[in-house]
Amino acid sequence: MKLHQDTIKTLITADQLSARVAELGAQITADLQDSERPLFVCNLRGASVFFADLIRHVDLPLVIDFLGTSSYGASTKTSGEVRLQKDLTEPLFGRDVVIVEDIIDSGLTLKYIKTLFETRGAKSVRICSLLDKPSGRRTELVGDYIGFEIPGEFVVGYGLDYDERYRNLPDVCVLDPKVYS
Ligand code: IMP
Ligand code: MG
């Protein structure tokens, strides 16, 4: 596929993604059995593809909402400054919340979101991230549900971008460093 021309290897295939997403959905369903109206928050834009697949494996009376944050821009490293670009529509007070994210790298984005949600009075805040890059961590942040742990390489596809490109790749691939160096 032409879209793959800038990638150097496939890290996680579409089949592996779909199997793992189903497992995550089942696990979350079991853990939130007693929750009345859990709120699933998609962190735009990277988590959108994962989110759409995940919620169809969660057998709960859930409500969805969307949050927009950014910290990268046209770079492969965090600027260290997280910006809220689009806020939620739903109130958080007293709700069980699951934040759905594409990847935890430095952890700064999720720390910012989690703190914000707790300040607004959420009853519980859980983090579900498709990918985790523990080597990049700059703050103490642990995800509750993680799809795959990956090495410290910059990846694209299945929602993840570099400078807004490659989100539509069906698998998770390592981007050729030539593209950004
Ligand atoms: P953090 O704040 O450093 O944890 O970064 C989280 C955000 O950075 C994610 O929501 C992604 O948008 C972006 N990001 C981090 N690593 C990668 C990567 O390897 N590929 C694409 N985006 C990434
Ligand atoms: Mg991004």
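These numbers come from the heavy atoms of this one structure, side chains and all, not from hydrogens, waters or symmetry mates.
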In terms of hydrophobic clustering (I, L, V, M, F, W, Y; side-chain heavy atoms under 4.5 Å; direct or indirect links), are [X] and [Y] co-clustered?
X    : Y    : result
L110 : V41  : yes
Y145 : V97  : no
V82  : F117 : yes
V125 : L67  : yes
L39  : L24  : no

Go through Y112 and L84 one step at a time and tell me if the side-chain contact (heavy atoms from CB on, under 4.5 Å) criterion holds.
CA-CA 9 Å; Y112 171 88; L84 188 62; 3.5 Å; yes
Under the criterion side-chain contact (heavy atoms from CB on, under 4.5 Å), I'd like the reasoning laid out for L17 against F50: C-alpha separation, chi angles, the key distance, then a yes or no.
CA-CA 9 Å; L17 287 165; F50 173 45; over 6 Å; no
Indicate yes or no: does [X] engage [Y] in a salt bridge with an N to O separation below 4.0 Å.
X   : Y    : answer
R20 : D53  : no
E36 : K123 : no
D31 : R126 : no
R95 : D65  : no

Are any non-hydrogen side-chain atoms of [X] and [Y] less than 4.5 angstrom apart?
X    : Y    : value
V179 : D163 : no
R45  : D161 : no
I104 : I146 : yes
Y158 : D102 : no
D105 : T78  : no
S48  : F66  : no
L160 : L131 : yes
I28  : C128 : yes

Residues E90, I64; criterion side-chain contact (heavy atoms from CB on, under 4.5 Å); working and verdict
CA-CA 9 Å; E90 292 284 319; I64 64 169; over 6 Å; no
Determine whether a donor-acceptor pair (N or O, by modelled atom type, separation under 3.5 Å) exists between the side chain of [X] and the backbone of [Y].
X    : Y    : answer
S106 : G136 : no
T10  : I12  : no
R37  : L62  : no
D176 : I8   : no

V172 and side-chain contact (heavy atoms from CB on, under 4.5 Å): which partner among V155, V156, I103?
V155
Single hit among L44, V100, V21 for side-chain contact (heavy atoms from CB on, under 4.5 Å) with F51:
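Between F51 and the candidates, side-chain contact (heavy atoms from CB on, under 4.5 Å) is satisfied uniquely by V100.
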Which atom names give the shortest non-hydrogen contact between [X] and [Y], and what distance separates them?
X    : Y    : answer
T109 : S71  : OG1-OG, 3.7 Å
P38  : L32  : CB-CD1, 4.4 Å
Q85  : S70  : NE2-OG, 3.4 Å
I150 : P134 : O-CD, 3.9 Å

Geometric class of the F154/Y180 ring pair [parallel <30°, tilted 30-60°, perpendicular >60°]
perpendicular
Spacing of T29 atom OG1 and H57 atom NE2 [to the nearest 0.5 Å]
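It is 10.0 Å, given to the nearest 0.5 Å.
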So for atom CZ, which belongs to R120, do other residues, nucleotides or ligands contribute more than 12 heavy atoms lying within a distance under 6.0 Å?
yes
Take L116 and L92 through the side-chain contact (heavy atoms from CB on, under 4.5 Å) test and state the conclusion after the steps.
CA-CA 10 Å; L116 179 71; L92 287 181; over 6 Å; no
Are side-chain N/O atoms of T69 and N43 paired as donor and acceptor at under 3.5 Å?
yes
Check the pair R137 / D132 against salt bridge (Lys or Arg N to Asp or Glu O under 4.0 Å), numbers first and verdict last.
CA-CA 9 Å; R137 209 65 102 250; D132 188 4; 3.0 Å; yes
